[in-house]
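Beneath this line is the structure, given in structure tokens, with notes to follow.
Side chains are part of it too, since the values below use all heavy atoms of this structure and drop only hydrogens, waters and symmetry mates. In this text the structure is predicted, and so the values were computed from the model without any measurement.
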Amino acid sequence: MVVSLRLPSLSSVLLSTPKSRPSFGILRRRQHSRPPALNTGAGYSTQSAPETEERVDSLRNRINQDRVITPRSQDFNAWYLDVIANAELADYGPVRGTMVIRPYGYAIWEAIQAYLNIKFKETGHSNMYFPQFIPYSFIEKEASHVEGFSPELALVRPTSETIVNHMFTQWIHSYRDLPLMINQVGAPHKAILRTLEFLWQEGHTAHATPEEAEKEALQMIDIYTKFAFEQAAIPVITGRKSKVETFAGAAKTYTIEAMMGDRKALQAGTSHNLGQNFSRAFGTQFMDENGQRQYVWQTSWAISTRFVGGIIMSHGDDAGLMLPPKLAPIQVVVVPIWKKDEERAGILNAASTVKEVLHTAGIKVKVDDSEQRTPGWKFNFWELKGVPLRIEIGPRDVSNGSVVIARRDVPGKQGKVFGISMEPSTLAAYVKDKLDEIQSSLLKLATSFRDSNIVDVNSYDELKAAISVGKWARGAWAASDADEVRVKEETGATIRCFPFEQPQGTKTCLMTGKPAEEVAIFSKSY
């Protein structure tokens, strides 16, 4: 699979603290401080030891202590752990290294899939499924033809290029069979030695010309970019990977890079122009219009449930999650409030009416009419889960035919508006308008945060200074691969990409002082 060698699984981004070992289960204790690696090799135990009762009990106790959340501003990693558990996004599986994605977390992934599925079909792609099991000979064949690919690593994460190309050779015979454009969605992917799983979508295409393949690779990274901005409210930087960071076997790798709340970079999605590397390895050929046998030109592109982790780490505050309305499983929560028994029926009827009005308007709404918790507890709980809007209905509101509406992105009284009419058209229009405002506000806030943490540098010393304080460094680059590796060894930062949007004017390489054609973005990353 395309991203399997480049992106950590859900366990290392969505389900682990950013400073815990990715091979461990979700919500590991905080004393583990090793950051997740992009490519962890063999060496992990193949035995599936059960979680210790002590560790699980410790976690359960923490979750049940009134859902306490470590302030994000105080300890980002601990905040992330607490949100995953207490917002009910995921939980431990019964086997070490496995996880259960709970309904609320899975609903976010479903919203991602729903948007992308429409875009994929609009651009001519069809969904299908490939088996997880392949002959070992496929792995050996890939290793012998693709530079940078090792069969040992394949045992940890079998890639889909092997099975895809095997089947493409059965289906592609003539130029009339091209382009062939497919997408695989929703299947779990297991790492044999690490017993980890994640969900993903992964596209593969075959073309008659290199120009068509390049156009496709760029088209798909553009779809991911628009998704990040318009749906996830994450202002990614889109660009091309350096040679060192390019996917093994690809001619070019394009990426969307997102700045998380702790200012580390997350590679949130990739699109690869594979050239003819895999088609030559597997003999995937077609007869062209002149009757000549040619190798196809291919692309592959993917995102995974790691994007859910990116959403969590991009938006939020000390109170918990802050979900963009377009991806939120629940956009509006209605909290009825009463003190006297005789008030209960009227308030619940009003809440039911409000729910029906909003549901009819296409808004995802839930009424929290449980009687085991106080209204204040409910307010905190739904804020923790990142629900964009809360509607409060009390006795006075019922008498006035109005409601109180609170925005998740504007804490306290400043985010509350009183006296919004229950009249269906008025209420529905107001709620839709506020959801749009919140979506725009989250993107604006994230963009401001990103831009204020990118530093333009003109020398290696300036780059090191920027990285040392957690910033992203942007500077002209024309140095060697060895110099790039040196930067990583000395600073912990890598070239995230050469952005598509480049500044005008002459450029001088920050490392060599020689003329440069492009600027690169450097940062530490997940």
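- Of the candidates Leu180, Val296, Ile163, Leu180 is the only one forming a side-chain contact (heavy atoms from CB on, under 4.5 Å) with Phe168.
- The closest donor-acceptor contact from the side chain of Asn453 to the backbone of Phe449 lies under 3.5 Å.
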Practice task
Please step through ring-ring contact (aromatic ring centres under 6.0 Å, His included) for the pair Tyr115 and Phe227, ending with a clear verdict.
Solution key: CA-CA 8 Å; Tyr115 173 88; Phe227 163 75; 5.5 Å; yes
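- The minimum heavy-atom distance between Ala302 and Gln201, with the atom names listed, is CB-O, 3.1 Å.
- In this structure, Gln170 contributes its side chain and His166 its backbone to a donor-acceptor pair below 3.5 Å.
- Side chain of Ser242 to main chain of Glu245: a donor-acceptor pair is present (N/O by atom type, distance under 3.5 Å, no hydrogens or angles).
- With no hydrogens or angles considered, a side-chain donor-acceptor pair links Thr238 and Thr225 at under 3.5 Å.
- When each of His204, His125, His272 is checked for a ring-ring contact (aromatic ring centres under 6.0 Å, His included) with Trp301, only His125 meets the rule.
- Phe500 has its ring centre less than 6.0 Å from the ring centre of Tyr254.
- Under a 4.0 Å N-O distance rule, the pair Arg486/Glu489 does not qualify as a salt bridge.
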Exercise for the section: Apply the test salt bridge (Lys or Arg N to Asp or Glu O under 4.0 Å) to residues Lys226 and Glu230: give CA-CA distance (whole Å), side-chain angles for both, the deciding distance (0.1 Å), then the verdict. Expected result: CA-CA 6 Å; Lys226 289 179 178 177; Glu230 297 173 6; 5.9 Å; no
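- Shortest non-hydrogen contact noted between Ala476 and Thr508 is CB-O, 3.2 Å.
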Exercise for the section: Test ring-ring contact (aromatic ring centres under 6.0 Å, His included) on Phe522 and Trp477 and set out the steps. Expected result: CA-CA 10 Å; Phe522 294 80; Trp477 185 261; 5.2 Å; yes
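- A salt bridge links Glu88 with Lys385: the closest approach of a Lys/Arg side-chain nitrogen to an acidic carboxylate oxygen falls below 4.0 angstrom.
- Remark: the Gln113 side chain and the Glu110 side chain contain no N/O donor-acceptor pair separated by less than 3.5 Å.
- A distance of 8.0 Å separates CD1 of Ile223 from CD of Glu122, quoted to the nearest 0.5 Å.
- In this structure a side-chain-to-backbone donor-acceptor pair under 3.5 Å is present from Asp177 to Ser174.
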Exercise for the section: Check the pair Gln231, Ile112 against side chain to side chain contact (heavy atoms under 4.5 Å, CB included), reporting the backbone distance first and the verdict last. Expected result: CA-CA 8 Å; Gln231 303 292 309; Ile112 295 173; over 6 Å; no
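- A donor-acceptor contact shorter than 3.5 Å is absent between the side chain of Thr305 and the backbone of Val308.
- Put simply, the side chain of Lys364 gets close to the backbone of Ala328: a donor and an acceptor are under 3.5 Å apart.
- In this pair, Phe120 and Tyr224 present their aromatic rings perpendicular. The plane angle is above 60°, beyond the 30 to 60° band.
- No side-chain donor-acceptor contact under 3.5 Å links Lys514 to the backbone of Leu510.
- Shown here for Ala258 and Ile234, the closest heavy-atom pair between the two residues is CB-CG2, 3.6 Å.
- When all heavy atoms of Ala265 and Arg496 are compared, the pair lying nearest together is CB-NE, 3.7 Å.
- For NZ of Lys464, the number of neighbouring non-hydrogen atoms (other residues, nucleotides, ligands) closer than 6.0 Å is greater than 12.
- With hydrogens and angles ignored, the 3.5 Å screen pairs a side-chain donor or acceptor of Gln331 with a backbone N or O of Pro325.
- The pair Glu484-Lys243 fails the salt-bridge criterion, with no side-chain N (NZ, NE, NH1 or NH2) lying under 4.0 Å from an Asp/Glu carboxylate O.
- A salt bridge is defined here as a Lys NZ or Arg NE, NH1 or NH2 lying under 4.0 Å from an Asp or Glu carboxylate O, and Lys241 with Glu257 meets this definition.
- Screening Met259, Met260, Arg450, Met322 for a side-chain contact (heavy atoms from CB on, under 4.5 Å) with Ser314, the sole residue that qualifies is Met260.
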Exercise for the section: Assess whether side chain to side chain donor-acceptor pair (under 3.5 Å) is satisfied between Tyr175 and Gln294, documenting all intermediate values. Expected result: CA-CA 9 Å; Tyr175 68 91; Gln294 304 286 350; over 6 Å; no
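- Ala520 and Ile495 make their closest contact through CB-CG2, 4.0 Å (heavy atoms, listed as atom of the first residue, atom of the second, distance).
- Under the 3.5 Å distance criterion, the side-chain polar atoms of Asn290 are left unmatched by any main-chain donor or acceptor of Gln292.
- Smallest separation of non-hydrogen atoms from Arg72 and Gly261: NH2-CA, 3.3 Å.
- At least one donor-acceptor pair under 3.5 Å links the side chain of Thr253 to the backbone N or O of Phe247.
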